[in-house]
Protein chains: 2
Amino acid sequence: MGVVRKTQSVSLVLEAFKADSKAISVIDLVDRFNDKINKTTVYRVLDRLEDDGVLHSFLGVNGIKWYAPCKDCSEHKHSDVHPHFQCTDCGKIDCLNVDITIPKLPNREVVGAQVLIQGKCEACCN
Amino acid sequence: MGVVRKTQSVSLVLEAFKADSKAISVIDLVDRFNDKINKTTVYRVLDRLEDDGVLHSFLGVNGIKWYAPCKDCSEHKHSDVHPHFQCTDCGKIDCLNVDITIPKLPNREVVGAQVLIQGKCEACCN
DNA sequence: AGTATATTTGCAACTTAGTTGCATTAATAG
DNA sequence: CTATTAATGCAACTAAGTTGCAAATATACT
Ligand SMILES: [Zn+2]
Ligand SMILES: [Zn+2]
Ligand SMILES: [Zn+2]
Ligand SMILES: [Zn+2]
């Protein structure tokens with residue numbers, strides 16, 4: 001079950017993602033709200049928002065958790081699986097609106113894929 | 001700098017990868033050798049073997065570290081970047097000998113990609 | 001073989017990301 | 001305005017991985 005009550009914590013977190021639609025790491029969010037929202041609450045709010053199809057999560061380099069806004073998802077149906085791009089210079093991550101074709105694998109049943117492309121982002125290329 | 005001395009720990013770790021050429025998680029290795037090799041040493045041996053191009057590492061689901069034997073790599077030149085397949089049933093990971101084409105991204109300089117395909121492995125499909 | 005040297009190891013303590021249990025707070029319904 | 005129950009804060013915990021340092025051991029040299 002996802003978000004049931006519109007609490008202050010939920011509003012604050014949603015605002016953060018409305019500001020720019022980039023991905024934000026949990027580390028960053030916990031740090032950013034350290035005087036407003038308890039660490040545990042940040043984790044739990046993100047969890048609920050993901051349940052509701054408002055945010056989606058994935059792992060960046062080093063295995064830390066990131067969240068980004070969903071496009072057309074709903075509760076229990078995350079339809080926006082897409083690659084992510086992490087900049088090796090600034091560390092920021094974007095969701096990519098491109099399709100990666102996963103090759104057919106004999107004798108295996110593919111259900112999904114996590115793709116993290118690495119390189120220099122637009123800002124860091126200049 | 002990688003492996004300089006052929007120690008007992010190095011031999012044990014290499015044997016583990018010779019047995020079957022699948023990927024092995026660090027967790028598994030630490031556990032498997034818990035009465036023979038200290039946890040710290042396992043991490044350090046794996047580190048050195050990766051430096052030497054003998055093993056390569058990547059992150060599985062949940063961000064835990066896995067290692068697998070390299071094909072044609074040498075010190076400081078890991079040439080075998082390839083997708084990995086993790087079974088959602090048994091959790092095991094294989095290196096895949098297929099190419100994934102990363103689309104051209106405007107205004108970005110791509111240097112690599114980490115691809116983790118998820119699904120049912122050959123063994124678990126039966 | 002015996003010894004010197006530097007690499008490697010084990011241990012304990014630490015760091016960091018994330019989780020759990022429980023008492024308290026606060027959002028919503030009636 | 002009150003009752004109900006979701007949500008929060010806190011402290012303590014777990015688990016993966018790291019660090020510093022003294023002790024052990026592999027290798028080179030005599
Ligand atoms: Zn950048
Ligand atoms: Zn995304
Ligand atoms: Zn399987
Ligand atoms: Zn591999």
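Just so you know, these numbers use all the heavy atoms, side chains as well, and skip hydrogens, waters and symmetry mates. Chain A is the first sequence line, chain B the second, and so forth, proteins listed ahead of strands; every chain is numbered from 1.
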* With a 3.5 Å cut-off and just heavy-atom distances, do the side chain of B:Arg5 and the base of C:dT8 make a donor-acceptor pair? -> no
* Asked: Nearest to the side chain of B:Ile37 - D:dA16, C:dG18, C:dG10?
  -> C:dG10
* To do: Assign each of A:Lys36 and B:Tyr43 to its nearest nucleotide of DNA chain D by heavy atoms, then name whichever residue's nucleotide is nearer the 5' end.
  => A:Lys36
* Asked: Touch check for B:Thr7, heavy atoms < 4.0 angstrom, all strands: base, sugar-phosphate only, or nothing?
  -> sugar-phosphate
* Between C:dT15 (C1') and A:Ile27 (CD1): distance, integer Å -> 12 Å
* To do: Nearest whole angstrom, please: distance from the P of C:dT19 to the CG of A:Leu46.
  => 11 Å
* **Rounded distance (Å) that lies between atom P of C:dA27 and atom CZ of A:Arg48** => 12 Å
* **Donor-acceptor pair, side chain of B:Glu50 and main chain of B:His56, under 3.5 angstrom** => no
* **Shortest side-chain distance from B:Val4, nucleotide among D:dG17, D:dT19, C:dT7** => C:dT7
* What is the distance from CD of A:Glu50 to P of C:dG18, rounded to the nearest Å? -> 12 Å
* Asked: Base, sugar-phosphate alone, or nothing: which one does A:Val30 contact when heavy atoms must sit under 4.0 Å apart?
  -> nothing
* To the nearest Å, how far apart are B:Asn38 CG and D:dA23 P? -> 16 Å
* Structure fact -> One should read off an interatomic distance between B:Leu116 CG and B:Leu59 CG, to the nearest 0.5 angstrom, of 9.0 Å
* Asked: In whole Å, what is the span from the CZ atom of B:Arg44 to the P atom of D:dT19?
  -> 10 Å
* Between C:dG10 (C1') and B:Leu12 (CG): distance, integer Å -> 15 Å
* Which part of the nucleic acid, if any, lies within contact of A:Lys39, taking any heavy atom under 4.0 Å across all strands shown: a base, the sugar-phosphate backbone alone, or nothing? -> base
* Hey, does the side chain of A:Gln118 reach the backbone of B:Ala113 with a donor-acceptor pair shorter than 3.5 angstrom? -> no
* To do: Please answer whether the main-chain N or O of A:Val54 pairs with a side-chain N or O of A:Asp52 as donor and acceptor at a distance below 3.5 Å.
  => no
* Is any side-chain nitrogen or oxygen of A:Thr40 closer than 4.0 Å to OP1 or OP2 of D:dG9? -> no
* To do: To the nearest Å, give me how far apart CG (A:Asp47) and P (D:dT8) are.
  => 12 Å
* Select from B:Val26 and B:Lys6 the residue whose nearest nucleotide in DNA chain D is closer to the 5' end of that strand. => B:Val26
* Yes or no on side-chain contact (heavy atoms from CB on, under 4.5 Å) for B:Arg108 and A:Ile117, after CA distance, side-chain angles and deciding distance? -> CA-CA 11 Å; B:Arg108 275 182 262 229; A:Ile117 303 174; over 6 Å; no
